[in-house]
Amino acid sequence: LVWECLLPSYGLTKMVVRLDNVTGFDVSTRTDPATGKDKSGSKKVTIITVEMNTAPDFFLGTPIPRQNTQWKRTQDFTGGFATNVLCHRVEFDTVLLTKPLNQLRIS
């Protein structure tokens, strides 16, 4: 599993979780309690929760025009959170994940 993020203080970053380190995985949906809707107007938010037995690997990226990004291993850029808390939770607009999750379910 890979989380890629553009962080203001670091630039392009990614965390890589090796599948053999995953001890739990859950996908759920909920209605946004603040608005009853998510940012796209959908009434649902999809939550992916991943539990691991070890911290992910961390990388900083250097984009190169018309080529693949160059990635270099680095220290935990989350202030130690991702290293010390081995249960990660990410929320998405449900609309963004409908097609990929359906493909995963039929495979």
More than 12 heavy atoms from other groups under 6.0 Å of CG on D20: yes
Audit row: T83, T78, side-chain contact (heavy atoms from CB on, under 4.5 Å) steps and yes/no: CA-CA 8 Å; T83 298; T78 68; 5.6 Å; no
CD on Q67 to OG1 on T62, rounded to 0.5 Å: 12.0 Å
Residues R18, T54; criterion side-chain contact (heavy atoms from CB on, under 4.5 Å); working and verdict: CA-CA 9 Å; R18 297 172 194 220; T54 188; over 6 Å; no
Aromatic plane relationship, F92 with W3 - under 30° parallel, 30 to 60° tilted, over 60° perpendicular: tilted
Spatial distance of atom CG (L12) from atom CG (L7) [nearest 0.5 Å]: 9.0 Å
Atom pair CG (L60) and CH2 (W71), whose distance is rounded to the nearest 0.5 Å: 8.0 Å
Nearest heavy-atom neighbours spanning F77 and F59: CE2-O, 3.7 Å
Among I48, V50, N21, V16, side-chain contact (heavy atoms from CB on, under 4.5 Å) partner for L1: V50
Which atom of A82 lies closest to which atom of A55, heavy atoms considered: O-CB, 4.2 Å
Co-membership, hydrophobic cluster, residues F58 and V90, 4.5 Å side-chain: yes
Gap between atom OG1 of T49 and atom NE2 of H88 - 0.5 Å precision: 11.0 Å
Same cluster (ILVMFWY, side-chain, under 4.5 Å), M52 and L19: yes
